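Computed from a predicted structure; not experimentally measured.
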Amino acid sequence: MLSVLSRDLNEKTKKIRSRGYIPGVIYGNTLDNSIPIEVYKTDFKRFIEAGENTKPVDLNLNGDIKKCVITEVQIDSFKEGILHINFRLV
């Protein structure tokens, strides 16, 4: 399970990354609007290194558990950092 936080769309992504988080979004057919989120970088890297990214993941968003799959991870190959993560609700 990954803990995620709601993200303020007015906050610049550069500032989010400087705080140690990765911006992302949860989307799906059952949602009226996509949910902007941020994931703590260290937690996400541990999750990926454990090989958990190939199966559905439970996201804990303020106590609300959402079962999702990772559909895209945008990577900055120059800085070797993760720019953005897309999660699709299942």
Side-chain angles (χ1 to χ4, degrees):
M1 180 179 309
L2 276 173
S3 292
V4 298
L5 302 172
S6 295
R7 177 170 49 108
D8 179 10
L9 291 176
N10 294 323
E11 187 177 14
K12 303 283 184 188
T13 55
K14 188 174 184 177
K15 186 174 181 182
I16 292 169
R17 290 186 193 104
S18 71
R19 290 190 290 111
Y21 287 85
I22 303 167
V25 66
I26 300 172
Y27 68 94
N29 293 336
T30 58
L31 295 174
D32 292 334
N33 296 310
S34 59
I35 304 169
I37 59 167
E38 52 189 53
V39 183
Y40 190 57
K41 186 186 317 182
T42 305
D43 291 345
F44 186 72
K45 285 186 175 184
R46 284 185 192 137
F47 176 78
I48 294 295
E49 289 169 0
E52 299 292 323
N53 58 323
T54 58
K55 51 189 171 182
V57 57
D58 291 331
L59 298 180
N60 182 355
L61 176 64
N62 303 328
D64 184 18
I65 307 299
K66 302 201 177 287
K67 187 170 283 298
C68 299
V69 292
I70 299 171
T71 57
E72 183 180 11
V73 178
Q74 296 175 4
I75 298 175
D76 180 356
S77 58
F78 182 69
K79 294 183 180 179
E80 298 180 3
I82 300 171
L83 296 176
H84 193 271
I85 308 164
N86 290 343
F87 296 94
R88 183 176 49 84
L89 201 61
V90 290

Same apolar cluster (I L V M F W Y, side chains within < 4.5 Å links), [X]/[Y]:
X	Y	answer
Leu61	Met1	no
Leu5	Val25	no
Ile35	Val4	yes
Val39	Ile75	yes

Practice task
Identify whether the distance between the nearest side-chain nitrogen and carboxylate oxygen of Lys66 and Asp64 falls below 4.0 Å.
Solution key: yes

Close side-chain approach of [X] and [Y], heavy atoms under 4.5 Å:
X	Y	answer
Phe44	Val73	yes
Lys55	Val69	no
Ser6	Asn62	yes

Exercise for the section: Before giving the answer on side chain to side chain contact (heavy atoms under 4.5 Å, CB included), spell out for Phe87 and Thr71 the whole-Å C-alpha distance, their side-chain angles and the decisive distance to 0.1 Å. Expected result: CA-CA 6 Å; Phe87 296 94; Thr71 57; over 6 Å; no

Practice task
Check for a donor-acceptor pair, side chain of Arg17 on one end and backbone N or O of Leu83 on the other, with a separation under 3.5 Å.
Solution key: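 Here the side-chain-to-backbone pair exists.
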
Exercise for the section: Check whether any side-chain N or O of Arg7 sits under 3.5 Å from a backbone N or O of Gly24 as a donor-acceptor pair, and report yes or no. Expected result: yes

Report the distance from atom [atom1] of [X] to atom [atom2] of [Y], rounding to the nearest 0.5 Å.
X	Y	atom1	atom2	answer
Ile85	Cys68	CD1	SG	11.5 Å
Leu89	Tyr27	CG	OH	10.5 Å
Asn86	Ile70	CG	CD1	10.0 Å
Leu2	Asn60	CG	CG	9.5 Å
Lys45	Asp43	NZ	CG	12.0 Å

Handout entry: From CA spacing to verdict: side chain to side chain contact (heavy atoms under 4.5 Å, CB included), Ile26, Leu59
Key = CA-CA 10 Å; Ile26 300 172; Leu59 298 180; 3.7 Å; yes

Completion exercise
For Tyr21, the ring-ring contact (aromatic ring centres under 6.0 Å, His included) test, sequence neighbours excluded, returns Tyr40

Problem - Summary of side-chain hydrogen bond (donor to acceptor under 3.5 Å, both in side chains) pairs that have at least one residue in residues 29-39, sequence neighbours excluded - result: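 Non-adjacent pairs meeting side-chain hydrogen bond (donor to acceptor under 3.5 Å, both in side chains): Arg19-Glu38.
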
Exercise for the section: Keeping to residues at least two apart or across chains, list the ring pair (Phe, Tyr, Trp, His ring centres under 6.0 Å) pairs with something in residues 55-84. Expected result: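 The answer is none; no pair qualifies.
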
